[in-house]
Amino acid sequence: MQKDVKNLSTTYNAREVEKEIYKFWEDNEFFKANSQSDKPPFSIVIPPPNVTGILHMGHALDGTLQDILTRYKRMNGFETLWLPGCDHAGIATQNVVEKNLAKEGKTRHDIGREEFLKITWEWANSHKTKILDQFKTLGASFDLSRARFTLDEGCSKAVKKVFVDLYNKGLIYKGSYIVNWCPRCQSAISDIETEYETEQGHLWEISYPLKDEMGAIVIATTRPETMFGDVAVAVNPTDYKYKDLIGKKCVIPLTGREIPIIADEYVDKSFGTGALKITPAHDPNDFEVGRRHKLPFIKVIDEQGKMIARSEVHPELHGLDRYEARERTIRMLEAHQVLVKIDEHEHNVGKCQRCNTTIEPLLSEQWFVKMEPLAKAAIEKVKDGSIKFVPKRWEKNYLMWMENIRDWCISRQLWWGHQIPAYHHNETGEMVVALENPDPKNYTQETDVLDTWFSSGLWPFETMGWPDVNSPDFKKFYPTTTLITGFDIIFFWVARMITMGLEFTKVPPFSTVYIHGLIRDELGQKMSKSKGNTIDPVLSIEKYGCDAVRFTLASMCTYGGQDIKLSDEKFEFGRNFANKIWNASRFVLMNLENKDFELDLNNLSIADKWILNKLNKATYEIVENLENYRMGEVTNILYDFFWNSFCDWYVELSKIEKNESVLTFVLDRFLRLLHPFMPHLTEQIWQLMPIKKETPAIMLSSYPKYDEKFNFEEDSNAMELVFEAIRSIRNIRSSFNIAPSIKVNLKIQGEKELYKKVESYLKRLARAENIEYVENAEVKQSASTVVGNSKIIIPLAGLIDIKEEIQRQNKKLLKLNTEKESLSQRMMNEKFVKSAPLEVVQKTKARIEELSSEIEVIEGLIKSLS
RNA sequence: GGGCGGUUAGCUCAGUUGGUAGAGUAUCACAUUGACAUUGUGGGGGUCGCUGGUUCGAGUCCAGUACCGCCCACCA
């Protein structure tokens with residue numbers, strides 16, 4: 001860590017500093033939470049990144065926001081725990097390991113379950129530190145000593161308990177239902193893991209001959225290959241076209257099996273032919289129809305997506321892939337002249353979220369969680385405000401999903417995951433659901449594992465020692481305070497944590513859910529490796545510095561939680577700010593002479609009062625906005641205060657006349673305010689400051705608070721007036737191209753007392769030479785400006801073109817006149833005067849008076865110029 | 001089909017009790033006056049998607065409409 005103020009580089013070397021500072025924090029164990037502390041708790045659990053993953057911008061944003069909040073709360077006197085960890089990511093991880101095996105020409109079946117799990121564990125163990133290490137480069141102040149993994153022993157214990165309890169309560173059941181089957185993953189997946197894509201397909205109309213009489217019924221389908229699994233043809237009961245056919249039988253072409261024609265409300269008369277083939281084993285809607293009518297289920301496609309060799313399926317198709325079977329079926333139907341019509345048809349096809357393979361809906365025996373009873377409390381607790389979403393609109397989204405929730409298919413035919421704690425008797429087949437195998441000799445455990453989200457759904461409490469409710473962490477830090485995540489996993493994760501948390505701990509697992517937008521590329525497209533439009537946060541951090549990346553990301557978080565369009569260059573914003581802070585601080589530090597920086601409120605200049613007043617106001621607004629998760633707003637205030645107030649004015653003024661106690665006070669407070677956003681930079685500078693410190697690190701210091709004793713409203717306003725005068729003079733200089741090296745004289749009419757106090761400021765910042773106070777100024781050969789109640793005249797004989805000055809003044813006059821006119825008109829409107837609030841009317845009146853006097857002065861100026 | 005978001009300066013976006021529009025960036029001019037060129041100073045640039053309504057007054061509230069994006073549902 002830099003200790004010597006004299007040799008600081010003129011540009012901020014972010015990475016060098018950041019690595020050292022992070023190490024300093026880590027070595028001192030400043031991130032470690034103490035469950036025995038008396039301080040009030042603040043806890044937050046990380047959305048566990050996949051163990052397969054590498055840090056992406058989404059993590060960077062998510063992590064930044066979590067760290068900002070954690071650091072802010074820590075500085076506010078809370079015992080803070082930010083708990084890190086990884087998700088075992090069932091399918092994703094298994095995919096990776098299987099791919100590696102495939103390179104050796106092997107499949108998981110070749111090596112067997114035990115060996116496969118051994119390899120996968122090795123792989124997971126070697127990778128799980130990687131992503132958390134990358135989080136460290138973000139400056140994450142999480143407690144790594146508490147890092148967890150969703151497949152570790154503790155989680156496994158929690159998962160088993162939850163499963164067994166839910167089973168015993170009748171909320172988990174096993175049964176044959178239509179599920180979303182991924183033929184590539186060789187597993188069932190849940191409804192929300194199925195994504196629908198619009199595809200251009202066909203609508204085939206096929207004629208099913210009637211039995212025992214002439215004629216046929218024409219059905220429409222997008223999947224002719226499933227016709228062999230048909231168990232009925234359904235029509236709408238009110239459809240007069242088919243009225244007479246209901247109850248009769250028809251014959252499936254090609255195989256000649258007889259099926260009934262039934263009536264069901266579900267059928268849409270206007271779609272296709274109005275007649276629908278019912279295939280309960282391969283379509284969720286048909287499944288429902290089949291159940292209503294007590295029809296049989298004939299499965300014709302297997303788990304590989306191949307046609308099953310059974311008598312109902314045409315022998316030519318046995319073993320064929322579903323798509324090939326489709327082609328063959330069509331050709332056969334054509335040959336038999338029962339293919340009536342082919343239409344182009346756009347429809348939605350379900351895809352596996354993980355591998356994008358087209359889902360095969362099929363009948364399968366799986367485990368499900370009955371969600372409806374669990375959802376009740378989860379709905380209630382959000383409705384009654386016990387759990388609050390920020391921004392609020394996500395509540396609606398959550399509630400809509402919860403209120404229409406369907407059962408959750410939790411079993412996966414994978415090897416990597418929590419094995420379902422159900423045991424089957426080797427001979428009788430009897431099933432026992434229990435925490436332990438009742439008798440390993442005679443019982444064999446179910447081979448299916450649980451959906452990854454089943455264990456992630458327990459994350460806030462399984463990581464705190466639950467089911468041991470007396471564990472210190474659970475007692476101190478559960479429930480957690482805030483959850484920070486993106487909207488894309490509200491259903492997958494947030495909703496499940498809420499339901500499970502309420503069911504098993506009786507309290508909401510967190511009180512606030514802060515939802516941020518998603519990171520997108522410059523064109524607003526989702527970032528993905530396959531598109532090649534990703535920005536690697538690790539590289540951005542190397543290039544711009546971690547603090548720069550953090551500050552930039554935070555600045556892009558809007559109140560509405562809009563998605564963030566990002567490009568690498570945007571980080572220049574944060575980098576420039578970091579460099580500005582570095583240099584301004586360097587200046588302050590290099591110019592300190594005193595040893596005692598005690599602030600003396602009775603000995604302040606007008607500029608000191610102004611900056612203290614500004615800082616105090618900024619503090620108030622920053623805290624207010626932080627409490628309301630408006631990170632972008634906070635960064636704006638920090639940036640504006642430091643750059644536009646502190647650097648542009650106060651530091652400049654301090655070159656004329658400096659108050660070291662105010663300089664150090666303001667810098668110290670600003671660094672603390674900024675610390676959650678730019679932790680390393682602020683820590684480094686703070687460590688260099690020769691002030692009295694109550695803590696060994698800024699990250700442990702107290703967060704500034706608004707304090708009324710710094711309200712210097714009147715002096716501040718006067719100071720602002722002076723700044724306006726300086727700006728006006730600079731403006732005049734600029735418009736007449738007066739070189740900085742040329743000094744000007746000023747004649748000031750009015751506000752003598754004020755300007756007398758700040759003469760030195762005017763001299764330096766407006767490059768003024770002599771300042772004269774006059775009663776009635778001669779303006780010939782001069783430029784002038786009106787500021788408040790005073791007039792400033794700059795004699796510029798030889799330097800200006802009078803015509804230009806008249807033009808300049810006229811332009812100003814026009815502006816003022818336009819404003820005055822519109823305001824006057826408003827005042828003439830009786831209704832306005834009557835109905836607008838008194839305050840507004842008075843303000844308008846005052847502004848008109850102000851404008852009038854300014855206009856008068858300028859008119860006088862123009863008159864005397866010409 | 002249902003729901004949600006967006007449309008404001010060339011670009012990226014702020015603007016939450018309705019009181020005549022802001023930032024960053026880009027651009028133009030000037031400047032190397034010892035914290036900083038990752039800089040300083042000054043300037044130009046917007047009828048706030050469109051139409052109507054409420055109101056003394058609308059970027060802000062209401063209704064409708066167009067376009068872009070997202071989510072849910074899944075009529076085979």
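Computed from a predicted model, the values in this text were never measured in an experiment. To find a chain, count down the sequence lines: A is the first, B the second, and so on, and within it residues start at 1.
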[X] [atom1] to [Y] [atom2] distance, which is reported to the nearest 0.5 Å:
X      : Y      : atom1 : atom2 : value
A/Q525 : A/D563 : CD    : CG    : 13.0 Å
A/W649 : A/I611 : CH2   : CD1   : 12.0 Å
A/E18  : A/L681 : CD    : CG    : 8.5 Å
A/N583 : A/M590 : CG    : CE    : 8.0 Å
A/L674 : A/Y639 : CG    : OH    : 12.5 Å
A/D668 : A/I685 : CG    : CD1   : 11.5 Å

Taking the [atom1] atom in each of [N] and [M], what is the distance between them to the nearest angstrom?
N      : M      : atom1 : result
B/rG24 : B/rG5  : C1'   : 23 Å
B/rC72 : B/rU17 : C1'   : 33 Å
B/rA9  : B/rG43 : C1'   : 15 Å
B/rC4  : B/rU12 : P     : 26 Å
B/rG69 : B/rA31 : C1'   : 45 Å
B/rG45 : B/rG52 : C1'   : 31 Å
B/rC36 : B/rC48 : C1'   : 37 Å
B/rG19 : B/rG57 : P     : 14 Å

Taking Watson-Crick and G-U wobble contacts under 3.5 angstrom, with | marking pairs to another strand and [ ] crossing pairs, the secondary structure of RNA chain B is written (((((((..((((.....[..)))).(((((.......))))).....(((((..]....))))))))))))....

Would one find a side-chain N or O of [X] under 4.0 angstrom from OP1 or OP2 of [N]?
X      : N      : answer
A/R733 : B/rU33 : no
A/K655 : B/rG34 : no
A/H345 : B/rA76 : yes
A/N404 : B/rA73 : no
A/W643 : B/rU39 : no
A/R730 : B/rG43 : no

Under the 6.0 Å and 45° cation-pi test, does [X] pair with [Y]?
X      : Y      : value
A/R496 : A/W408 : yes
A/K655 : A/F587 : yes
A/R575 : A/Y544 : no

For [X] and [N], what is the distance between atoms [atom1] and [atom2] respectively, to the nearest whole Å?
X      : N      : atom1 : atom2 : answer
A/N13  : B/rC36 : CG    : C1'   : 15 Å
A/Y761 : B/rU33 : OH    : P     : 23 Å
A/W649 : B/rG40 : CH2   : P     : 13 Å
A/R727 : B/rG42 : CZ    : C1'   : 11 Å
A/I564 : B/rU12 : CD1   : P     : 15 Å
A/I729 : B/rU41 : CD1   : C1'   : 14 Å
A/D191 : B/rC71 : CG    : P     : 16 Å
A/N583 : B/rG40 : CG    : P     : 11 Å

Out of [options], whichever nucleotide has its closest atom nearest the side chain of [X]:
X      : options                : result
A/A584 : B/rG44, B/rA35, B/rA76 : B/rA35
A/R520 : B/rC74, B/rC36, B/rC70 : B/rC70
A/R767 : B/rC74, B/rU33, B/rA76 : B/rU33
A/L276 : B/rA35, B/rA76, B/rU38 : B/rA76
A/F491 : B/rA35, B/rC71, B/rU12 : B/rC71
A/T558 : B/rC56, B/rA14, B/rG40 : B/rA14

Would you indicate what [X] reaches in the nucleic acid, counting non-hydrogen atoms under 4.0 angstrom: base, sugar-phosphate, or nothing?
X      : result
A/N348 : base
A/D268 : base
A/F577 : nothing
A/E821 : nothing
A/D648 : sugar-phosphate
A/K565 : sugar-phosphate
A/R406 : sugar-phosphate

| Pairing residues for A/N644 by the side chain to side chain donor-acceptor pair (under 3.5 Å) criterion, not counting sequence neighbours |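 Side chain to side chain donor-acceptor pair (under 3.5 Å) check on A/N644 returns A/D640.
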
- [ ] Kindly write out the residues that satisfy side chain to side chain donor-acceptor pair (under 3.5 Å) with A/R808, not counting sequence neighbours, or none if the list is empty.
- [x]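 So A/R808 forms a side chain to side chain donor-acceptor pair (under 3.5 Å) with A/E805.
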
So which protein nitrogen or oxygen atoms get under 3.5 Å of nucleotides 1-6 of chain B's nitrogens or oxygens?
from, atom 1, to, atom 2, distance (Å)
B/rC4, OP1, A/K396, NZ, 2.9
B/rG5, O3', A/Q562, NE2, 3.3
B/rG5, O2', A/Q562, OE1, 3.1
B/rG5, O2', A/Q562, NE2, 3.1

Nucleotide by nucleotide, nucleotides 16-31 of chain B touches protein heavy atoms under 4.0 Å in the pattern (B base, S sugar-phosphate only, - none) B--BB---S------S

Ranking A/K815 and A/R575 by the position along RNA chain B of their nearest nucleotide, the one closer to 5' is A/R575

Which is more 5' along RNA chain B, the nucleotide nearest A/D563 or the one nearest A/F271? Just name the residue.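 Counting from the 5' end, the first nearest nucleotide belongs to A/D563.
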
Looking only at side-chain N and O atoms, does A/T194 offer a donor or acceptor that is under 3.5 Å from a partner on A/K351?
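Absent: no donor and acceptor within the cut-off.
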
Any chance the side chains of A/K341 and A/T273 put a donor and an acceptor closer than 3.5 Å?
no

Could you check whether atom NZ of A/K531 has more than 12 heavy atoms from other residues, nucleotides or ligands sitting under 6.0 Å from it?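 Correct, the count exceeds 12.
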
Q) Which pairs with one or both residues in residues 395-404 of chain A pass side chain to side chain donor-acceptor pair (under 3.5 Å), sequence neighbours excluded? A)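 Qualifying pairs: A/K383-A/E403, A/K392-A/E395.
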
